[in-house]
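Notes to accompany the following structure.
A, B, ... follow the sequence lines: proteins, then strands. Residue 1 opens every chain. Not measured: the values here are computed from a predicted model.
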Amino acid sequence: MLRAFPSLIIAAIALPGILLHSALAEAADPLPRHLHETGLFADAGTTIDARNLPFAPQYPLWSDGARKRRWIHLPPGSAIDASRPDAWEFPVGTRLWKEFSLGRPIETRFIERLADGTWRFAAYVWNEAGTEATLAPREGMSLSVPMAPQGRYSIPASDDCRACHEGAAVPVLGFSALQLSSDRDPLAPHTEAHTGISVADFVRRGLIRNAPAALIDDPPRIAATSPVERAALGYLHGNCAHCHNDSGAPAPVDLVLAQSAGDPASTQRVLHSMIGGAVRFRGHGLGNDATLIAVGNPQSSVLIARMRSRNPNTQMPPIGTQAADIEALALIERWIAEKSLSTPSPSQETKP
Amino acid sequence: MNRSRSITLIVLAIAASASDTASAEEKAADTLARGKYLVTVAGCNDCHTPWKVGPAGPEPDMSRMLSGHPESIAISAPATAVGQWIAAANTTNTAHSGPWGVSFTANLTPDAETGLGKWTQSTFTQTIRTGRHMGRGRKILPPMPIPMYRNFTDEDLAAMFTYLQSIPAIKNRVPEPLSPAVASAAATSE
């Protein structure tokens with residue numbers, strides 16, 4: 001008793017300090033300096049360790065034309081819990097990598113789930129010979145890369161990794177039921193030739209558990225009214241939904257661009273928020289009356305204006321790209337132009 | 001000896017838990033007061049409350065407290081910087097012109113459509129910490145003192161946000177910034 005009392009007080013005083021410390025865990029256990037130390041490679045060369053499995057989302061992120069390869073590593077004996085179709089739970093120790101190339105590998109991004117359940121983010125910059133990649137500073141950096149827009153390539157700051165990855169319900173954005181569905185969208189822009197390992201394969205290997213049977217038997221696909229609409233909505237999901245959703249920590253505007261694998265009605269919610277949705281921020285090159293999507297008229301649609309712009313105050317997405325995605329713009333403009341002809345707008349559909 | 005110590009301990013524990021429950025309301029009031037104090041002394045009103053000219057000269061118009069640049073004051077071109085001067089403010093001190101173009105101070109009242117009404121605590125904390133619009137968007141422009149304010153503790157930011165959500169909502173749609181390119185085009189076309 002004599003001793004218990006003071007130590008109780010100490011515990012009470014120290015508690016906030018302990019919480020603070022777990023937030024600083026990253027500082028205590030620093031990120032590896034070199035990509036080789038993250039476990040991506042099997043040897044001192046650049047052969048990928050066979051335990052790191054390749055995957056390829058069907059609606060990839062536009063990164064100014066960079067080519068990408070991605071891998072996932074799950075600690076032995078662990079598995080992804082897929083009971084929530086749109087928020088898979090990744091085990092502690094999960095590691096994911098994404099390599100960006102423009103003629104040669106430029107950077108490899110790395111995400112890891114730590115023991116306390118939080119995630120850490122890092123980028124490794126390749127030397128020109130392609131033999132070693134070194135940890136980039138937290139603030140990011142700008143590189144001279146001839147094939148990049150204006151010859152400059154920028155590595156995002158770790159705050160910027162979080163701006164995209166921590167806006168969604170789960171910070172893993174490309175490894176999900178919809179993104180890895182075997183019912184792949186043939187019109188999706190910029191898909192890689194390889195499809196990596198399928199969800200069914202992961203389930204068979206016991207690496208994905210508790211997936212609702214319906215999701216495996218009937219792989220998810222966006223409930224669109226035409227192939228063009230399907231691809232347009234898929235693109236917006238892959239490129240915008242991490243900040244424009246209704247399930248994570250989105251930007252506080254009404255726009256919702258996230259599709260749900262478990263709930264086909266999500267497509268209607270997305271269409272509602274886009275068509276006839278109120279515009280929060282005016283004056284990005286269009287008048288005060290402009291709408292997010294002007295059905296039949298892409299040139300008057302705020303969404304298109306913000307996607308086409310690369311003025312840093314206007315562009316969407318606001319981070320991670322310096323050149324507009326011409327192919328995607330053509331797809332979405334075509335969808336908006338055809339929309340009025342093919343289907344009534346959802347606001348008309350819902351009239352009782 | 002031992003016994004009397006443990007009695008003291010029990011008494012202390014009861015006192016502590018009683019003060020715990022009694023203080024829930026007090027704590028909320030403290031947070032609000034702390035938030036008000038921080039917002040006041042950190043000078044948020046200097047830029048986010050439009051100025052008027054009072055008997056003693058320019059002063060913040062507290063009837064429009066923290067509602068940002070008034071949408072009725074349209075500004076389409078930057079100030080012309082002369083000599084050593086780099087930046088200029090308009091009469092309400094809510095529009096600032098400089099190498100970044102023209103920025104307009106945000107509406108910090110809880111109005112849902114034009115202020116922080118749809119923000120969460122984490123939107124606010126991330127905005128101040130990362131210096132990005134709404135925590136995830138474009139870079140926030142000067143003269144918003146992000147490099148200094150990012151040093152507020154989580155607790156301070158929580159208190160400030162709690163206070164900001166409690167003040168009267170004012171509907172005022174602040175214009176979007178003019179970027180340097182737009183600003184200089186407007187200036188030369190004049």
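Smallest separation of non-hydrogen atoms from B:Gly135 and A:Ala163: O-CB, 4.5 Å.
The candidate with the highest count of non-hydrogen atom pairs below 4.5 Å against chain B, out of A:Ala249, A:Gly283, A:Ala251, is A:Ala249. For the set B:Lys139, B:Glu113, B:Arg132, the entry with the most heavy-atom pairs within less than 4.5 Å of chain A is B:Arg132.
Crowding of B:Lys171 atom NZ: a count of heavy atoms from other residues, nucleotides or ligands under 6.0 Å exceeding 12. Other residues, nucleotides and ligands contribute more than 12 heavy atoms inside 6.0 Å of the CD atom of A:Gln299. A 6.0 Å sphere centred on CZ of A:Arg84 holds no more than 12 heavy atoms belonging to other residues, nucleotides or ligands. Few gaps surround NZ on A:Lys68; more than 12 heavy atoms of other groups in view lie less than 6.0 Å from it. Heavy atoms of other residues, nucleotides or ligands lying less than 6.0 angstrom from CG of A:Asp289 number 12 at most.
You'll find the side chain of B:Arg138 stays beyond 4.5 Å of the side chain of A:Pro312, heavy atoms only. The side-chain heavy atoms of B:Arg129 and A:Asp159, taken from C-beta on, include no pair separated by under 4.5 Å. In this structure, the side chains of B:Glu176 and A:Thr314 stay at 4.5 Å or more apart for every pair of heavy atoms.
Under a 3.5 Å cut-off, the side chain of B:Arg136 and the backbone N or O of A:Cys243 do not form any donor-acceptor pair.
Rounding to the nearest 0.5 Å places CG of A:Asn313 at 5.0 Å from CG of B:Leu141. Atom OG1 of residue B:Thr130 and atom CZ of residue A:Arg162 lie 11.5 Å apart, to the nearest 0.5 angstrom.
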